[in-house]
Amino acid sequence: MRLKKLQDMRAGGFDPFRANAQQTHFSDEALKAHVDGQDNTVAVKVAGRLVVIRDMGKSQFVKILDQQGQLQLYVKKDVIGDEAYAAFKKIDLGDIIGAEGTLFKSKTGEVTVRMEKYTLVSKALRPLPEKWHGLTDSEQVYRQRYLDLIVNPDSRARLMLRSRIVASIRQTLAGRKFLEVETPVLEGVAGGAAARPFVTHHNALGADFYLRIALELRLKRLLVGGYDRVFEIGRIFRNEGVSRKHNPEFTMLEVYQAYSDFHGMMELIKAIFTDLCRDVIGTFEIKHAASGQMINFAGDWRTVRYFDLIDEAAGFKLSALRGAADYPAKATDAAQKLGLEIHAGWQPFEIVNEIFSKKIEPTLIQPTFVTHLPRELCPLAKLNQEDSGLIDVFELCIGGMEVAPAYSEQNDPFVQREMFEKQAGEEQQKMDTDFLLALEHGMPPAGGMGVGIDRLCILLTGAESIRDVILFPSLRPSDAK
RNA sequence: GGGUCGAUAGCUCAAUGGUAGAGCAGCAUCCUUUUAAGUUGUUGGUUCCGGGUUCGAAUCCCGGUCGACCCA
């Protein structure tokens with residue numbers, strides 16, 4: 001039917017796919033441009049997709065949707081003429097039009113464009129999903145996100161907010177003289193984190209490449225190169241499970257600042273959140289979707305040592321036994337008392353971290369800096385001066401999720417090499433020998449931080465799943481119809 | 001990878017093992033300030049795919065595909 005309308009139009013000498021329209025106002029700008037009490041004085045040219053048609057015979061109210069939202073148009077036979085009105089009646093819901101007219105307020109007080117002229121600029125050959133319930137089939141929401149954006153205002157607003165969140169972060173960092181850089185996605189060694197990488201092959205070079213799993217080692221080379229404040233917002237790839245908190249490709253912000261340390265990173269991440277809450281979200285209190293609690297981003301954030309939390313969970317001073325002969329047994333015992341399953345070959349730090357990630361992290365709803373983690377958890381951080389079993393780092397947890405880890409970065413090439421070589425446990429990082437070479441040239445002391453942008457967006461938009469803040473989440477390929 | 005649940009008209013959803021329906025969308029009709037507009041009429045199905053049981057399967061069984069949730 002719609003195809004026939006298109007064919008008729010083309011036979012009549014008009015092809016909507018060859019037409020265009022002008023846009024002087026977005027919908028929200030048009031709404032603001034109306035002057036109270038002065039109807040039909042302001043002329044606008046608007047454009048968008050027809051999403052509502054209320055036909056009353058010789059006149060109709062319709063609504064178009066553009067980037068900023070919906071705008072009502074009033075189409076009157078007397079105004080646009082018999083011929084144009086007859087043609088307008090043939091337009092379908094979902095078609096894209098440009099319209100010119102003047103602004104007025106309807107009987108019910110809605111600012112509306114009195115349409116004088118219109119142009120059909122694109123024909124929709126397929127119908128829109130239902131207007132009231134929207135599109136709820138999650139598979140279609142993800143696979144055909146464009147339909148979700150057209151009919152589900154929540155999705156539209158949430159994903160637009162993500163764009164503004166990223167823009168705000170860039171602005172905060174630029175204001176502090178950070179340089180935004182781009183580093184390779186294809187790497188010979190996927191380092192900087194412990195994760196299974198995706199592998200691909202470069203034909204001309206005859207070599208396998210890995211998609212990066214972190215940005216860290218490249219950005220630190222830039223510190224060596226004399227760029228003292230650098231950051232990258234980029235996609236990284238981990239060939240692991242998919243869940244509400246995990247997508248195989250996700251966006252990471254990594255920041256490195258020379259002559260700073262993990263305390264400096266605390267200040268920086270607070271500044272980023274403060275700017276976001278004030279400029280983008282408009283509130284410092286955000287509801288946590290999973291728990292229903294309000295997360296308060298204002299004021300001082302709690303800072304607590306990793307092992308203090310462990311001791312609290314265990315119910316006794318487990319940390320005092322670190323290094324003692326019965327530490328592994330006591331740690332296993334404590335974990336099992338908490339109902340955790342401990343695998344036979346696990347190192348003590350793995351057992352303790354199981355307690356942290358299963359029993360503690362999910363309870364950290366309010367912003368919390370967890371500091372002084374065991375050294376085995378990250379080979380790239382500086383060792384604590386007082387206790388070389390610990391590292392000078394924090395893990396920022398919010399909403400029960402790890403949102404941002406930060407370190408005082410290890411810049412001693414000997415210690416760094418040793419840390420790589422001595423790695424224990426299941427999760428081990430690959431040794432990047434060129435990175436060690438770079439360290440040997442001298443890297444300034446620095447604070448560094450990684451921020452999972454997707455998780456940040458989950459928190460700030462009150463979303464329930466990572467898929468709600470990623471435009472096109474990874475799905476198993478399926479044969480398109 | 002394991003478990004649970006789901007897939008029916010373009011969309012949102014119904015349908016004791018017995019003729020597959022409704023609302024919206026579409027089509028036609030009436031209506032010159034509507035707000036999920038309203039009115040009258042009406043079209044529309046490979047019930048995800050492949051097997052099996054049965055006189056008869058959207059429904060029961062087996063296998064598969066895709067998705068959601070939970071667990072690892």
Side-chain angles (χ1 to χ4, degrees), chain A residues 1-6 8 31 39-40 49-65 69-82 84-86 88-95 101-115 123-153 155 196 239-247 289-290 339-343 346 350 354 357-358 362 426-427 463-468 472-481:
Chain A
M1 189 68 211
R2 288 175 180 231
L3 200 55
K4 187 179 177 301
K5 283 183 183 174
L6 177 65
D8 288 349
L31 294 177
D39 281 352
N40 302 316
R49 186 185 298 274
L50 268 172
V51 290
V52 174
I53 296 178
R54 285 192 270 270
D55 185 354
M56 289 167 299
K58 296 188 181 62
S59 79
Q60 29 186 312
F61 282 95
V62 303
K63 282 190 178 176
I64 59 168
L65 175 70
Q70 292 191 0
L71 181 65
Q72 182 165 261
L73 313 178
Y74 182 50
V75 189
K76 209 173 162 189
K77 196 175 182 182
D78 299 347
V79 177
I80 67 167
D82 290 2
Y85 192 78
F88 191 83
K89 283 219 161 196
K90 290 213 164 67
I91 286 183
D92 291 307
L93 214 50
D95 289 355
T102 55
L103 297 170
F104 75 102
K105 221 169 212 180
S106 75
K107 256 187 191 167
T108 51
E110 180 168 347
V111 174
T112 304
V113 178
R114 179 186 300 269
M115 193 163 88
K123 184 81 193 148
L125 298 176
R126 293 175 185 268
L128 289 175
E130 206 230 12
K131 61 186 172 188
W132 184 237
H133 299 92
L135 191 64
T136 62
D137 177 51
S138 57
E139 186 170 358
Q140 221 175 334
V141 164
Y142 301 141
R143 287 196 201 276
Q144 293 186 275
R145 180 67 88 177
Y146 44 91
L147 293 179
D148 177 47
L149 293 176
I150 293 167
V151 300
N152 296 336
S155 293
R196 200 185 325 157
N239 203 343
E240 293 169 356
V242 178
S243 79
R244 285 201 314 181
K245 292 182 190 175
H246 300 87
N247 197 59
L340 296 170
E341 204 173 311
I342 301 303
H343 294 235
W346 277 6
E350 291 179 285
E354 180 75 1
S357 58
K358 292 283 157 57
E426 286 183 341
E427 300 205 337
E464 292 183 12
S465 161
I466 196 166
R467 284 180 287 252
D468 295 333
F472 299 101
S474 302
L475 296 180
R476 204 182 294 271
S478 82
D479 298 327
K481 288 175 217 161

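Throughout, protein chains are lettered first and strands after them, A, B, ... in sequence-line order, and every chain is numbered starting at 1.
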If pairing requires Watson-Crick or G-U wobble contacts with both distances under 3.5 Å, which nucleotide is the partner of [N]?
N: B/rC66; value: B/rG6
N: B/rG1; value: B/rC71
N: B/rU40; value: B/rA28
N: B/rU54; value: none

Let's see if you can work this out: which of [options] has an atom nearest to the side-chain heavy atoms of [X]?
X: A/Pro127; options: B/rU33, B/rG26, B/rA25; result: B/rA25
X: A/Lys5; options: B/rC27, B/rU33, B/rU32; result: B/rC27
X: A/His133; options: B/rU33, B/rA36, B/rU12; result: B/rU12

Quantified in whole Å, what is the [atom1] atom distance between nucleotide [N] and nucleotide [M]?
N: B/rC5; M: B/rC60; atom1: P; result: 12 Å
N: B/rA36; M: B/rG41; atom1: P; result: 24 Å
N: B/rG56; M: B/rA22; atom1: C1'; result: 26 Å
N: B/rG10; M: B/rU43; atom1: C1'; result: 13 Å
N: B/rA9; M: B/rA20; atom1: P; result: 15 Å
N: B/rG17; M: B/rC30; atom1: C1'; result: 46 Å
N: B/rU59; M: B/rC48; atom1: P; result: 8 Å
N: B/rC49; M: B/rG67; atom1: C1'; result: 15 Å

Inset, instruction - Verify the neighbour count for atom NZ of A/Lys90: are there more than 12 heavy atoms of other residues, nucleotides or ligands below 6.0 Å? - result: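 Atom NZ in A/Lys90 is not crowded, with 12 or fewer foreign heavy atoms closer than 6.0 Å.
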
Inset, instruction - Flag yes if more than 12 heavy atoms outside A/Glu427 fall under 6.0 Å of its CD atom; otherwise flag no. - result: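 Open.
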
Rounded to the nearest 0.5 Å, what separates atom [atom1] in [X] from atom [atom2] in [Y]?
X: A/Arg114; Y: A/Leu73; atom1: CZ; atom2: CG; answer: 12.5 Å
X: A/Arg467; Y: A/Arg244; atom1: CZ; atom2: CZ; answer: 9.0 Å
X: A/Gln70; Y: A/Ile64; atom1: CD; atom2: CD1; answer: 9.5 Å

Atom pair distance, as rounded to whole Å: [atom1] in [X] and [atom2] in [N]:
X: A/Phe88; N: B/rU32; atom1: CZ; atom2: C1'; result: 14 Å
X: A/Arg114; N: B/rU32; atom1: CZ; atom2: C1'; result: 11 Å
X: A/Gln140; N: B/rA9; atom1: CD; atom2: P; result: 11 Å
X: A/Lys131; N: B/rA25; atom1: NZ; atom2: P; result: 4 Å
X: A/Gln60; N: B/rU32; atom1: CD; atom2: P; result: 12 Å
X: A/Glu130; N: B/rC24; atom1: CD; atom2: C1'; result: 4 Å
X: A/Lys63; N: B/rU34; atom1: NZ; atom2: C1'; result: 9 Å
X: A/Lys123; N: B/rG26; atom1: NZ; atom2: P; result: 11 Å

Inset, instruction - Tell me which of A/Asp55 and A/Gln72 sits closer to the 5' end of RNA chain B, going by the nucleotide each one is nearest to. - result: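 Nearest nucleotide further toward 5': that of A/Gln72.
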
Inset, instruction - Between A/Thr136 and A/Lys58, name the one whose nearest nucleotide on RNA chain B is closer to the 5' end. - result: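 Between the two, 5'-proximity favours A/Thr136.
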
Legend entry - Protein-to-nucleotide contact annotation, 5' to 3' order, nucleotides 63-72 of chain B [B base; S sugar-phosphate only; - none; under 4.0 Å, heavy atom]: ---SSSSS--

Check whether any side-chain heavy atom of [X] sits under 4.5 Å from a side-chain heavy atom of [Y], and report yes or no.
X: A/Lys123; Y: A/Lys5; value: yes
X: A/Tyr142; Y: A/Asp468; value: yes
X: A/Glu354; Y: A/Glu341; value: no

Hey, does [X] reach any base, or is it just sugar-phosphate, or nothing, if we go heavy atoms under 4.0 Å?
X: A/Glu110; answer: base
X: A/Val52; answer: sugar-phosphate
X: A/Phe104; answer: base
X: A/Asp92; answer: sugar-phosphate

Legend entry - A/Arg145 and A/Asp148 ion-paired at < 4.0 Å: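 Looking at A/Asp148 together with A/Arg145, the answer is yes, because their closest N to O distance falls below 4.0 Å.
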
